[in-house]
J.: 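Following this message is one structure expressed as structure tokens.
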Amino acid sequence: MARTVAPVYDPQLIEPKWRAAWKAAGLFTVSEDTAKPKFYNLVMFPYPSGPLHMGHFRNYVIGDAVARYKVMRGFNVLNPFGWDAFGLPAENAAIKSGIHPRISTEANIAVSKHELDIMGVLYAWDREVTTCNEDYYRWTQWLFLTFYEMGLAYKHRAAVNWCPKDNTVLANEQIVNGVCWRCGTKPTKKELEQWFFKITAYAQRLLDDLAKLDRWPERVRVMQANWIGRSEGAELDFPVEGDGSLKVFTTRPDTIFGVTFMVIAPEHPLVETNVTTDRRSDVAAYIEKTKAETEIERLSTEHVKTGVFSGAYAINPFNGERIPIWIADYVLATYGTGAIMGVPGNDARDFEFAKKFRLPIREVVSSTPEPQGYPTAPMELGLAEGYMIDSGPYTGIKSSEAINAIIGEAERRGIGRRTITFRLRDWLISRQRYWGVPIPIVYCAEHGIVPVPKDQLPVRLPAQVEFRSDGQNPLLHTDSFVKTSCPICGKPARRETDTMDTFVDSSWYFLRYTSARETTQPFDKAKADYWMPVDQYTGGVEHAILHLLYSRFFMKVLFDAGMVSVDEPFKALFTQGMIHRNGAVMAKSKGNGIAPDDMVERYGADTGRVYELFIGPPELDAEWNDRGVDGVARFLNRVWRLVVGEEDAAAATVGPGVTQDVLLRKLHETIDKVTRDIDAFRFNTAVAALMELANLMQDYVQGGGPRDEAWETVGRDLTRLMAPFAPHLAEELWHRLGGDSLCAMSPWPVADPALLHRSTVTMVVQVDGRLRDRIDVPAGTDEGEARIRALQSANVERALDGRSVARTVFVADRLINLVTR
RNA sequence: GCGGGCGUAGCCGAAUUGGUACAGGCGCACGGCUUAGGACCGUGUGGCGCAAGCCAUAAGGGUUCGAGUCCCUUCGCCCGCACCA
């Protein structure tokens with residue numbers, strides 16, 4: 001159907017035209033240009049799971065608005081996109097439907113690209129990255145080998161978390177609230193040989209450098225700090241009766257005189273060797289029970305302390321006391337030394353345990369220098385300072401001094417040392433699944449673990465595999481893949497069939513974008529040096545720990561390897577809230593999503609974009625309101641009519657009247673506010689400011705204001721201010737106003753300080769802090785003059801009621817307060 | 001339990017960081033335009049009061065000439081970690 005250019009706002013008609021124009025102009029096609037300041041704008045790349053909905057688009061609309069704004073501000077903007085394309089859902093779907101993950105993934109990518117396109121969200125598609133493609137994953141393998149060479153990738157037999165539903169192991173970070181982060185199944189423990197990345201070697205740096213990230217949300221930094229979980233303290237050796245010793249970790253060595261029992265984890269090696277004969281059966285029963293119950297117990301809100309006496313005793317090296325060794329699952333094998341000294345007088349958990357098993361309770365650190373008597377509840381120490389009581393030679397001194405003295409004594413005697421423990425564990429990266437990056441390792445009977453030489457990469461993921469209903473990794477049963485030869489001796493060897501956690505793929509994709517078509521290395525250092533770090537990273541807070549911590553780790557390793565010149569990848573981070581509709585987060589599974597195609601058809605892309613920016617503070621969750629969308633559509637229509645409308649202004653009713661001065665000042669105030677708001681990610685108030693300007697323009701026209709040159713200036717600047725938010729509309733208006741280049745590539749308006757200045761201001765007059773009147777005075781009126789003017793007010797006179805003014809508080813151009821007391 | 005954050009109209013939310021509380025939008029009311037309209041355009045819209053004015057930012061107290069903003073207490077909500085020694 002042929003359509004003529006209508007005088008009304010018709011998104012259907014204008015939007016495709018301008019999208020084509022941006023592409024033709026290569027809006028985000030960039031190279032390293034040292035003449036301009038660079039700006040690396042990044043949104044978290046998605047897992048292509050199916051069609052996108054408007055909930056997803058909040059992220060992309062924000063990212064697109066920032067990228068467009070920075071272009072107009074004169075930056076050389078890198079604005080890339082890609083696909084986190086390996087992963088379990090596609091493989092699980094393949095098991096059910098028989099459709100190969102590559103087919104479904106590529107189809108999903110095609111759909112998503114279309115949706116991004118029609119919403120006017122534009123990227124540097126010439127740098128597109130797809131993690132499941134050979135040209136990307138060969139470099140993921142390359143980086144794995146580099147980690148291996150650096151001693152940061154290792155294979156280790158350990159009790160790991162196994163998800164019985166997904167048939168794979170899980171990293172510590174992937175257990176959320178005690179269940180699998182993906183499917184919600186309770187994991188079981190399995191003894192397996194697994195590949196790990198040694199992230200713990202970077203624990204201190206990952207913690208310290210959080211301080212550099214002053215443009216990250218506080219919340220995310222705190223979450224990472226807690227996750228890393230640094231504790232300062234000491235390791236102390238307690239001799240065990242008979243032979244050997246028991247090493248414990250404690251943050252409070254000053255409580256050593258309060259030790260009345262020891263506890264070791266059920267997995268502790270001493271369980272094998274030191275349980276006395278008469279206790280064997282009880283201990284065995286307890287261990288069985290904890291193995292079966294561990295995960296369920298952890299989920300219960302009430303952690304009832306359980307445990308069993310081992311029959312063995314340790315000796316307190318500081319007072320020679322004989323201390324029973326217990327086995328209990330409240331002590332974790334994986335933290336510290338897997339053993340603790342029980343100080344029930346000063347620790348709530350030990351107190352609970354001691355009460356249950358009737359063990360002695362002795363307070364040794366008190367909040368006052370005097371003993372408080374038999375403790376009925378532990379004085380919770382944490383990191384608090386106290387005074388030493390009943391502690392031999394240390395009695396009476398401050399606990400902080402005692403900590404140093406006791407560690408010093410232990411070090412002198414060779415039975416302890418100052419140490420630091422982290423909660424962070426090494427990153428378990430192997431997965432027993434097909435749809436991922438093959439770990440480039442070969443097992444040879446003679447040479448053991450042999451890394452595939454880098455020049456033989458990629459280790460190709462075979463396309464032809466049989467998806468099994470038992471959930472076993474298809475690679476295990478693909479002989480053409482498994483059977484290989486040893487890179488060293490050439491004899492028959494077996495390939496590693498585990499693939500890598502997809503979080504490995506996403507830990508370096510932002511580096512690949514800087515030279516996405518590089519064929520000889522993961523990325524070009526010079527280009528990475530030009531673009532890195534990412535200046536603005538925008539995405540969901542659900543990645544606060546996993547992805548963001550892993551990426552920081554990668555960056556530091558690559559920094560140490562000399563491959564990059566900065567050691568933090570993301571300078572500024574913004575985590576946007578989620579969009580809800582009908583009382584639930586917008587999601588495909590909830591059926592409350594809004595398809596971009598429907599949005600575009602009904603309202604046009606720009607209305608959807610502006611609505612998502614206007615919906616509320618971007619860092620907070622927001623409720624989608626269909627009527628709110630109508631409000632934004634009205635606003636865009638109004639802008640259209642004001643800027644290029646055909647309506648005869650003179651026919652309008654005469655309103656209150658707005659002078660040209662007022663209009664121009666409003667324009668410059670709006671330029672100033674919108675600029676500051678975008679810089680501060682306050683898009684909702686930026687849109688509100690644009691609405692205010694449009695409303696004032698409406699008043700101006702209705703009041704009979706002429707559509708002269710000044711009016712056109714206002715229209716042109718409003719158009720440019722709208723461009724990052726409603727780019728298609730802005731482009732069309734720009735064109736109609738006679739712009740010869742693209743609005744998207746025009747310079748951002750600059751507020752004129754002279755026009756921001758008001759010649760008269762409204763000053764608030766208070767009497768004793770209460771608002772009594774407002775007076776219009778020339779800007780810059782001094783206190784004396786303001787006081788005279790204020791005292792002329794009848795309202796002020798009534799409020800003073802004969803009292804005299806003792807003093808005045810004066811805020812220039814804003815307020816004068818007459819104080820009578 | 002520990003840590004982070006929040007509480008403002010009927011609803012979503014503004015408030016220059018201690019200085020006119022409620023911008024902007026939704027909703028609602030009235031009007032206009034329409035054959036009609038759940039469309040579009042305009043005007044109004046915290047509560048009480050005829051008014052002067054008074055009362056209002058979860059509740060209570062404090063600091064200050066002045067508090068939504070700072071400090072204490074209480075209540076409620078959200079998020080993260082959760083037996084980490």
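Residue numbering restarts at 1 for every chain, and letters A, B, ... go by the order of the sequence lines. Remember, it's a predicted structure, so these values are computed and weren't measured experimentally.
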J.: Please list, by residue number, the residues of residues 760-767 of chain A whose heavy atoms come closer than 4.0 Å to an atom of RNA chain B; answer none if no residue qualifies.
T.: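 Output list: A:V764, A:Q766.
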J.: Grab the CG-P distance between A:D813 and B:rU16 for me, whole Å please.
T.: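 Those two atoms, CG and P, are 18 Å apart.
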J.: Measure CG/A:L332 against P/B:rA82 and give the value in whole Å, please.
T.: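 So the two atoms are 11 Å apart, to the nearest Å.
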J.: Pairs counted only when both distances fall under 3.5 Å, Watson-Crick or G-U: show me the 5' to 3' dot-bracket for RNA chain B, [ ] for pseudoknotted crossings and | for other-strand partners.
T.: (((((((..(((......[....)))((((((.......))))))(((....)))..(((((..]....))))))))))))....
J.: Identify which nucleotide among B:rA82, B:rA85, B:rC65 has an atom closest to any side-chain atom of A:V331, counting heavy atoms from C-beta outward.
T.: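 Ranking B:rA82, B:rA85, B:rC65 by closest atom to the A:V331 side chain puts B:rA85 first.
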J.: When you compare B:rU74 with B:rA23, how far apart are their C1' atoms, in angstrom units rounded to a whole number?
T.: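 Each nucleotide's C1' atom is 33 Å from the other's.
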J.: With rounding to whole Å, what would you report as the distance between B:rC70 and B:rG10 at their P atoms?
T.: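 Roughly 24 Å separates the two P atoms.
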J.: Within a 6.0 Å radius of atom CD on A:Q204, are there more than 12 heavy atoms belonging to other residues, nucleotides or ligands?
T.: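 Result for CD/A:Q204: enclosed.
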J.: Separation of A:Q698 atom CD from B:rG32 atom P, in whole Å?
T.: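 Distance, rounded to whole Å: 19 Å.
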J.: If you compare all heavy atoms of A:T306 against all heavy atoms of A:A328, which two are closest, and at what distance to 0.1 Å?
T.: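 Heavy atoms only, the tightest pair is O-CB, 3.2 Å.
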J.: Is atom CD of A:E797 surrounded by more than 12 heavy atoms (other residues, nucleotides or ligands) closer than 6.0 Å?
T.: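 Open.
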J.: Please state the P separation for the pair B:rG68 and B:rA56 - nearest whole angstrom.
T.: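 Pairwise P distance, B:rG68 against B:rA56, rounds to 10 Å.
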J.: Measuring only the P atom in each nucleotide, how far is B:rG7 from B:rA15? A whole number of Å is fine.
T.: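 The same atom, P, in both gives a distance of 12 Å.
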J.: Assess, by modelled atom type and distance only, whether the side chains of A:D626 and A:Y611 contain a donor and an acceptor separated by less than 3.5 Å.
T.: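 Short answer, no.
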J.: For every nucleotide of nucleotides 3-15 of chain B, 5' to 3': is a protein heavy atom under 4.0 Å from its base (B), only from its sugar-phosphate (S), or from neither (-)?
T.: S--------SSSS
J.: Grab the two heavy atoms, one from A:A171 and one from A:W427, that are nearest each other, plus how far apart they are.
T.: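 Shortest heavy-atom separation between A:A171 and A:W427 comes out as CB-CD1, 4.0 Å.
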J.: Between B:rG53 and B:rA21, how many Å separate the two P atoms, rounded to a whole number?
T.: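 Roughly 14 Å separates the two P atoms.
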J.: Dump the intermediate steps for ring pair (Phe, Tyr, Trp, His ring centres under 6.0 Å) on A:F681 and A:F683, then the final yes or no.
T.: CA-CA 6 Å; A:F681 269 58; A:F683 305 105; 5.2 Å; yes
J.: Distance check, P atoms only: B:rU73 and B:rG4, in whole angstrom units.
T.: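 After rounding to an integer number of Å, I get 15 Å for this pair.
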J.: Whether A:R772 contacts B:rC54 is assessed here as follows: a side-chain N or O lying under 4.0 Å from the phosphate OP1 or OP2. Is that the case?
T.: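 It does, given that an N or O in the side chain of A:R772 lies less than 4.0 Å from OP1 or OP2 of B:rC54.
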J.: On a whole-Å scale, what distance lies between the P atoms belonging to B:rC71 and B:rG5?
T.: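 Here B:rC71 and B:rG5 have their P atoms 11 Å from each other.
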J.: May I ask you to check if A:K305 and A:Y330 form a cation-pi contact, with NZ or CZ under 6.0 angstrom from the six-membered ring centre and within 45° of the axis?
T.: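 That pair qualifies as a cation-pi contact.
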J.: Which residue lies toward the 5' end of RNA chain B, A:M223 or A:Y330, if each is placed at its nearest nucleotide?
T.: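 The 5'-side residue here is A:M223.
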J.: Taking syn as any angle within 90 degrees of 0 and anti as the rest, which one fits B:rU57?
T.: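 Anti for B:rU57; the angle lies over 90° from 0.
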J.: Of all the nucleotides listed (B:rU16, B:rC26, B:rC65), which has the minimum atom distance to the side chain of A:R807?
T.: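 Of the candidates, B:rC65 comes closest.
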J.: Does a donor on one side chain and an acceptor on the other come within less than 3.5 Å for A:T421 and A:Y335?
T.: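 Distance-only check fails for A:T421 and A:Y335.
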J.: Quick one: label A:R814 by what it contacts on the DNA or RNA (base, sugar-phosphate, nothing), any heavy atom closer than 4.0 Å.
T.: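 If one applies the 4.0 Å heavy-atom cut-off, A:R814 turns out to touch a base.
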J.: So, does A:R634 get its side chain near the phosphate of B:rC26, meaning an N or O under 4.0 Å from OP1 or OP2?
T.: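 Yes, A:R634 has a side-chain N/O under 4.0 Å of OP1/OP2 on B:rC26.
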J.: What distance, rounded to whole Å, do you find between the two P atoms, one in B:rC81 and one in B:rA14?
T.: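 Going atom to atom, P in each nucleotide, I get 27 Å.
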